[in-house]
Amino acid sequence: MLQPIILVTGGTGYIGSHTVVELQQAGFETVIVDNLSNSTAAVVDGITRITGVRPHFEQADCCDRNAMAAIFDKYSGITAVIHFAASKAVGESVEKPLLYYRNNLLSLLNVVEEMIAHGVFHIVFSSSCTVYGQPAVLPVTEDAPVLPAMSPYGNTKQICEEILRDTAVSFALQGVLLRYFNPIGAHPSAEIGELPVGVPQNLVPFITQTAAGVRQELSVFGNDYHTPDGSCIRDYINVVDLARAHVQAVNYLADGKNKTAVETFNIGTGKGLSVLELIDAFQKATGIKLPYKIVGRRAGDIEQVWANPEKAHTVLGWHAQESIEDTLRAAWKWELVVRHKA
Ligand code: UD1
């Protein structure tokens with residue numbers, strides 16, 4: 001019997017690359033489509049060194065409909081798509097809203113249209129807890145209302161979710177929307193990890209670069225929030241754990257276990273950590289003292305959010321396994337590799 005092929009758009013990116021590794025290790029053949037706008041082809045080598053199997057790689061932009069059609073024609077064994085390819089910087093999306101709407105919406109439209117044209121009906125979509133805004137009730141469940149988006153980036157996630165739900169009404173499309181909380185860490189082999197371009201906007205890459213001496217000190221954005229230590233609270237999820245959720249989602253659709261055409265799952269640990277607690281955990285895990293100062297709040301930040309991941313546990317059979325210490329140690333190990341190569 002032919003091995004099922006999973007098409008992974010954005011497969012050389014941060015979460016995509018870790019997902020390709022987990023898919024391969026679960027026995028799937030994978031095809032990566034990536035335009036390398038925020039990653040490099042060397043990631044494919046890193047994946048290959050971990051798994052011993054080279055994934056198919058097609059350098060193409062999902063916004064190019066003809067290129068997508070050609071890829072679906074070439075790999076006739078595709079049974080499901082995991083769609084990561086998207087622009088993801090909240091701040092940049094405010095400066096360049098049209099770029100975000102074009103990239104994130106057109107790529108999904110092209111992927112879904114070509115899926116339907118080629119008889120591929122299973123899709124796993126990379127969504128975000130940003131759709132909840134500041135939830136009234138914590139931990140947040142999938143039933144919590146979707147609030148007006150705080151950025152064009154967040155809005156593209158909401159619109160893409162709607163596109164998939166609406167499409168599933170008229171076509172045989174079956175989808176899983178995974179709402180990620182805050183993905184952090186790297187593969188324990190340090191062969192792949194996050195590669196931020198320029199000054200990192202996200203907390204953990206900024207922490208590891210500060211620890212490596214690339215940045216002088218970390219700024220903690222606010223200590224006057226209504227939280228126990230005054231800093232913001234997030235649910236930091238290990239990227240390998242997160243990658244495994246995609247394998248579970250693909251299997252869930254393949255097994256026909258979904259009760260509705262499009263199912264939504266929170267992917268988080270269920271535990272909130274403040275910025276100051278995370279800094280403390282990093283120092284304990286690595287033994288490195290991190291220079292930081294408290295500065296004013298960052299515009300648009302949500303005070304606190306963490307997941308109720310119960311549905312992913314009971315329905316997908318998924319739960320986060322990695323400890324925060326191991327996760328931060330993996331992020332640090334990866335930073336050292338990146339510095340060594342720089
Ligand atoms: C946000 C979105 C997330 C999106 C991500 C992409 C929410 C709840 N989350 O994550 O969906 O995928 O952006 O970029 O909207 N911080 C500092 N100093 C720093 C950097 C960050 O104190 O130098 C703090 C932030 O104020 C925040 C926490 O660290 O409280 C996490 O920030 P970050 O890593 O940027 O992620 P979010 O903003 O939570």
Side-chain angles (χ1 to χ4, degrees), residues 10 13-16 38 84 86-95 100 104 125-135 138-140 144 146-158 160-161 177-185 194-211 214-239 242 266-269 272-282 290-307 324 327-328 331:
Y14 175 43
I15 307 171
N38 198 22
F84 293 104
S87 304
K88 62 166 188 179
V90 175
E92 185 189 44
S93 81
V94 176
E95 285 158 32
Y100 271 67
N104 294 5
F125 177 69
S126 162
S127 190
S128 168
C129 71
T130 196
V131 302
Y132 299 121
Q134 176 59 65
L138 288 167
V140 63
V146 167
L147 298 184
M150 310 254 282
S151 69
Y153 158 77
N155 204 22
T156 65
K157 291 295 172 193
Q158 297 193 5
C160 286
E161 286 197 356
L177 313 177
L178 298 181
R179 291 179 178 160
Y180 313 152
F181 283 68
N182 286 55
I184 63 164
E194 194 169 5
L195 277 172
V197 178
V199 181
Q201 305 299 309
N202 294 115
L203 181 59
V204 169
F206 206 104
I207 287 179
T208 54
Q209 288 197 5
T210 306
V214 181
R215 312 277 158 211
Q216 240 174 12
E217 77 185 334
L218 169 75
S219 295
V220 173
F221 298 138
N223 69 346
D224 57 351
Y225 285 99
H226 296 109
T227 60
D229 66 21
S231 63
C232 291
I233 296 177
R234 297 286 183 276
D235 185 333
Y236 296 95
I237 174 76
N238 179 293
V239 68
L242 174 56
N266 283 341
I267 304 297
T269 64
L273 272 188
S274 73
V275 177
L276 294 173
E277 285 173 328
L278 190 84
I279 293 171
D280 194 45
F282 180 82
L290 199 75
Y292 71 88
K293 64 168 186 259
I294 310 286
V295 300
R297 293 181 177 195
R298 179 172 72 176
D301 261 342
I302 280 153
E303 182 169 272
Q304 46 188 327
V305 62
W306 66 93
I324 190 74
T327 303
L328 292 170

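Note that ligands are numbered from 1 as they come in the structure, with each ligand's atoms numbered from 1 the same way. For this chain, numbers begin at 1 and follow the sequence in order.
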Next item on the list: Check whether any side-chain heavy atom of Phe221 lies under 4.5 Å from a side-chain heavy atom of Ile294, and answer yes or no.
Entry: no

Notebook entry, point to check: Rounded to the nearest 0.5 Å, how far apart are OG1 of Thr269 and CG of Asn182?
Noted result: 10.0 Å

Notebook entry, point to check: Looking at Cys232, which atoms of ligand 1 are within less than 4.0 Å of one of its heavy atoms?
Noted result: 30 (O)

Note to self: Please work out, at 4.0 Å between heavy atoms, whether the side chain, the backbone, both, or neither of Tyr153 comes within that distance of ligand 1.
What the structure shows: side chain

Margin query: Any heavy atom of Phe181 closer to ligand 1 than 4.0 angstrom?
Written below: no

Check: Of the backbone atoms (N, CA, C, O) and the side-chain heavy atoms from C-beta on, which set of Val275 has a member under 4.0 Å from an atom of ligand 1: side chain, backbone, both, or neither?
Finding: side chain

Notebook entry, point to check: If you measure from each heavy atom of Ser219 to ligand 1, is any distance below 4.0 Å?
Noted result: yes

Notebook entry, point to check: Is ligand 1 less than 4.0 angstrom away from at least one heavy atom of Trp306?
Noted result: no

Notebook entry, point to check: Between Met150 and ligand 1, which part of the residue brings a heavy atom under 4.0 Å of the ligand: side chain, backbone, both or neither?
Noted result: neither

Next item on the list: Output the list of atoms in ligand 1 that are nearer than 4.0 Å to some heavy atom of Ser128, sorted by atom number.
Entry: 3 (C), 11 (O)

Notebook entry, point to check: Where on Asn182 is there a heavy atom closer than 4.0 Å to ligand 1, on the side chain, on the backbone, on both, or on neither?
Noted result: side chain

Next item on the list: Record the part of Val90 in heavy-atom contact with ligand 1 below 4.0 Å; permitted values are side chain, backbone, both and neither.
Entry: side chain

Next item on the list: Select one of side chain, backbone, both or neither to describe which atoms of Tyr236 lie under 4.0 Å from any atom of ligand 1, heavy atoms only.
Entry: side chain

Item checked: Row check, Phe181 ring normal vs Arg234 NZ/CZ: under 6.0 Å, within 45° -> no

Margin query: For Tyr180 and Phe84, take the angle between the two ring planes, folded into 0 to 90°, and tell me which bin it lands in: parallel under 30, tilted 30 to 60, perpendicular over 60.
Written below: tilted

